[in-house]
Amino acid sequence: MTKHPMRPATLLVHQGQDRDPATGAATVPIYQASTYHHPGGVGQEFDYARSGNPSRQQVEDAIALLEGGAQGFAYASGMAAIAGALSLLQAGDHLIAPDDLYGGTYRYLTMILPQQGIEASLVDQTDPQAVKAALKPNTRALLLETPSNPLFKITDIRALVEIARENNLLTLIDNTFMTPLLQRPLEFGVDVSIHSATKFLGGHSDLLAGLTAVADPELAKRVKRFQNAFGPVLGPFDCFLLSRGIKTLKLRLEEGQMNAAELARRLEQHPAVRRVIYPGLESFAQRELHFSQATGAGAVLSFELNNEAQVKPLLETVELPIIAPSLGGVETILTHCWSMSHAAIPAEAKRTIGIGPGLLRISVGIEAVEDLWEDLERGLST
Ligand SMILES: Cc1ncc(COP(=O)(O)O)c(C=O)c1O
């Protein structure tokens, strides 16, 4: 890769390593090997695949470059990436996380971290004062997710980084919904940016993967130590798929975003819909804050039906979207948050934070928007 500074569209295509250094092949090959020859007993750059291999190095360098970090890490899933970042905490530490967050992260924070002696407080992070009020003498980190999932609560990244700096805390962010194309948290001083690369970065619903980018080389050494010691790494073939997906991120995400904006406007006018939550809408209360830290609204929106009894007929009628707990594919994906993506959160907790059984999340793909609308409209009218 050239040493001159490049724009995102170029970085996405060429990434850190855009051809095989050994042969000049147009893509870095799938290095399907678990171990590496030590000539004369001397270890080389790659010695054993858990510690590193060229296919993984390629995507790890790509995410570091795209996020502007010192080092990147690739994991077998987004959850493994989150666990990898949270390995920076230790027994006795306290973490402040958002009250509206991905269900799997909720499960990890409330069921796994306590087993490790780490306590998490779930706080409405849209209010920096609430974050300050939740600080304890043993608070060591803030975990952010903005926009949050599925309610699109926007957290002021700059304000939370300031709180973190005043109190000597680490800041971690789940940047899955935005990707580094739309939001680059490390530029605001965030320490670790985390992705479920299963979503937009992979982009084709054919891959489970996680990525992190770490700002500081010393912090990166600690993340590397855990990744190597625990071993939840991304396999070589999946690294290849992920690198291939990243190349077209701009085309896919911008097209999906345009379709999402159109569907959001139309859903807002539909009599069966109580509310639409999408940062690109004029009616979105935190629009200004979102666009002060991101360059786009993304391709995912949530909407709530007037009557939760309409959910079943809608899911039975629509033909185009996959009905599933995921997002970020080229195809449209419709999620019933209550029973799918947020099933791990107890019913009472879901209701308290505003996730009702009538709420649906739609990750808008790159199909013809008129086809998507006609399909949705048929489901909404039944
Ligand atoms: C925002 C967010 N973070 C993390 C995850 C977990 O990622 P994975 O399913 O790749 O483990 C998801 C999965 O849906 C997600 O939506």
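As a basis for the values below, the full set of heavy atoms in this structure was taken, side chains included, without hydrogen atoms, waters or symmetry mates. Start at 1 with the first residue, then count along the sequence. Whatever order the structure lists ligands and atoms in, that order sets their numbers, starting from 1.
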Check ligand 1 for N or O atoms under 3.5 Å from a protein N or O and list each pair with its distance.
from	atom 1	to	atom 2	distance (Å)
ligand 1	3 (N)	Asp174	OD2	2.6
ligand 1	7 (O)	Ser196	OG	3.0
ligand 1	10 (O)	Gly78	N	2.9
ligand 1	10 (O)	Ser196	OG	2.8
ligand 1	10 (O)	Thr198	OG1	2.6
ligand 1	11 (O)	Gly78	N	3.0
ligand 1	11 (O)	Met79	N	2.9
ligand 1	14 (O)	Lys199	NZ	2.7

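For residues 353-366, no pair satisfies salt bridge (charged side-chain N to carboxylate O under 4.0 Å, His left out), with sequence neighbours left out.
In this structure, the side chain to side chain contact (heavy atoms under 4.5 Å, CB included) partners of Asp61, at least two apart in sequence or on a different chain, are Gln57.
Ion pairing between a basic and an acidic side chain is recognised when a charged N comes within 4.0 Å of a carboxylate O; Glu262 and Arg266 show such pairing.
In this structure, Phe46 shares a hydrophobic cluster with Val28, Tyr31, Tyr36, the cluster being traced through Ile, Leu, Val, Met, Phe, Trp and Tyr side chains under 4.5 angstrom apart.
Classified by interplanar angle (parallel below 30°, tilted 30° to 60°, perpendicular above 60°), the ring pair Phe73/Tyr75 is tilted.
The side chain to side chain contact (heavy atoms under 4.5 Å, CB included) test with Asp100 is passed by exactly one of Asn149, Ile355, Asp124: Ile355.
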